[in-house]
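Okay, structure first, notes after.
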Amino acid sequence: MCAMPGNPNRAGGLEAPSVRAGRFTVSVQVNGERREGDVEPRTLLVHWLRDTLGLTGTNIGCDTSSCGACTVLVGGESVKSCTMLAVQADGAEVTTIEGLADGERLHPVQQAFWENHGLQCGYCTPGMVMAAVSLLAEHPHPSEEEVRAGLEGNLCRCTGYHNIVKAVLAAAGATAAARVAS
Amino acid sequence: MIPAPFEYKRAATLAEAVDLLAANGEDAKLLAGGHSLLPLMKLRLATPALLVDIGRVRELSYVREEGDHVAVGALTRHRDLETSEVLRTHLPLLAHVAGQVGDPQVRHRGTIGGSVAHGDPASDLPAACLALGATFEAVGPNGARSVAASELFKGFLETALGPDEVLTEIRVPKATGVGWSFQKFNRRAQDWAIVGVAALAGPHPGVAMINMGPVPLRATAVEEALVGGASAAEAAARSAEGLDPPGDLNASPEYRRHLAQVLVRRALQEAGVA
Ligand SMILES: Cc1cc2nc3c(=O)[nH]c(=O)nc-3n(C[C@H](O)[C@H](O)[C@H](O)COP(=O)(O)OP(=O)(O)OC[C@H]3O[C@@H](n4cnc5c(N)ncnc54)[C@H](O)[C@@H]3O)c2cc1C
Ligand code: FES
Ligand code: FES
């Protein structure tokens, strides 16, 4: 069973990374744009996004994989970027909160957070929105229970979650939104 | 928090991973999903000199029917287990347990192989593997070997796998149509189990416990009782027999023993044991 050839299903994904004195050159499609850079292997994805690329919309909350504030999409799926190395994202597509809106037009999930007052201080919001986008990609018509379970990786210290759940249901076009409020 | 510096090598194939481990000895560690290892490295509780990233070894990510077994590649992510039609049909316990691990973000990255190889008594999938009587396949410099689930977990975060071995596959006997249950007791969503139980009914019952000792383990007294025809309540009364559960912030050993009995009874009843 050894030594079957790899299955190169992602562009660039299987090439040996290039080494430069303990650093690696990573190439990541970030918000639709190809971004390249030299990183130390221990660089966390969240630090590369924030400190090198200047994409500070992604927050760091707990720094211990618990709160979800740092959630971004990797290959369309939600991931805690404080628990992933930048080198692990080499060759992948990463979407941050900055990549959701289309110019001035908010993404439907952002719009729904706005309309349903799905935030108070806003610290958890970028991660919450990214987790919701991933959730809706997997479950386009979730029940309230599925929304609550689907957001269990994201903590909010302000809202009590009700308006967040309402916003996600609204974004899904679910009529259940009205029921949650009552 | 960032990990201490380390060297990083990426394996494209299983063979390459085995070679890299063989060449680098005890200082090297495999990196799969990173969702147990990276948090430890960020806390500097683990400081490997070299990470061998096997996250892209696609040949180890699969769920396949093979006769009376299902073969699961070690690099299969929790999310892929949770949504696998093969598992939902033949091993619904395993699919369900995978869906209870952590949260969606964790399930998008974490792998069954990483979960098993980490050997954490608090983790969910090792218990499911034990209850289902799984066998683990590993490949090292001297070739491949099989390890029974009951032989794998040796001590706290310690398994029978050598530092130069790669866990490649988890082989699980099909349990199509057999009653099962998973009870995970925790206080908040996303949390690890304070105590958990994975149970399979049928002629070869399997009952495994989470957080009831230093390793993922089987409740052998309960299994014996079931084989002897005991009722769910009678069997459950033996849940903590011979076990020495830990005490921590969440629960005392006494509380865990009590919880084990309650959860095993619920599990057996849900699995259809009278
Ligand atoms: C916030 C959070 C919540 C969590 N909640 C839960 C939970 O409720 N229940 C639960 O069970 N787990 C939970 N986990 C752990 C999660 O399931 C991990 O993904 C899993 O335990 C490890 O898998 P991994 O692929 O991430 O492994 P890694 O972290 O990459 O590796 C773990 C260990 O296994 C070794 N290893 C990895 N793959 C192999 C292989 N193929 N062969 C040999 N050795 C290997 C590594 O060298 C390392 O020592 C949680 C994790 C986080 C961050
Ligand atoms: S900062 Fe990543 S999970 Fe909290
Ligand atoms: S709005 Fe303040 S943490 Fe969620």
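Values reported hereafter were calculated over all heavy atoms of this structure, with side chains retained and with hydrogens, waters and symmetry mates removed. In what follows, chains carry the letters A, B, and so on, assigned in the order in which the sequence lines appear, proteins first and then strands, with residues in each chain numbered from 1. Because the structure is a prediction, the values reported are computed rather than measured.
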Looking only at heavy atoms and a cut-off of under 4.5 Å, which of [options] has the most pairs with chain B?
{"options": "A:E40, A:E77, A:H47", "value": "A:E77"}
{"options": "A:G68, A:S65, A:C82", "value": "A:C82"}
{"options": "A:A131, A:S134, A:A149, A:S78", "value": "A:S78"}
{"options": "A:V87, A:T64, A:V79", "value": "A:V87"}

Do A:N31 and A:L55 have side chains that get closer than 4.5 Å, going by heavy atoms? yes
Look at the rings of B:W180 and B:H96 and say which category their plane angle falls in: under 30° parallel, 30 to 60° tilted, over 60° perpendicular. tilted
Examine whether an atom of B:L43 lies under 4.5 Å from a heavy atom of chain A, and if so say whether it belongs to the side chain, the backbone or both; otherwise answer neither. neither
Heavy-atom cut-off 4.5 Å, strictly under: side chain, backbone, both or neither for B:A4 against chain A? backbone
Salt bridge check: are [X] and [Y] linked by an N-O gap of less than 4.0 Å?
{"X": "B:K174", "Y": "B:E65", "result": "yes"}
{"X": "A:R148", "Y": "A:E145", "result": "no"}
{"X": "B:R107", "Y": "B:E82", "result": "yes"}

Closer than 3.5 angstrom, by distance alone: can the side chain of B:T159 be matched with the main-chain N or O of B:L161 as a donor-acceptor pair? yes
Which one wins on heavy-atom pair count under 4.5 Å against chain A: B:M41, B:H35, B:E16, B:E7? B:H35
Among B:V106, B:D53, B:V166, B:L31, single out the residue with the greatest number of heavy-atom pairs under 4.5 Å to chain A. B:L31
Side chain from CB out, backbone as N, CA, C, O: work out which of these in A:T83 comes under 4.5 Å of a heavy atom of chain B, or both, or neither. both
Could you check A:L85 against B:L51 for side-chain contact (heavy atoms from CB on, under 4.5 Å), going step by step and ending with a plain yes or no? CA-CA 11 Å; A:L85 303 170; B:L51 282 192; 4.2 Å; yes
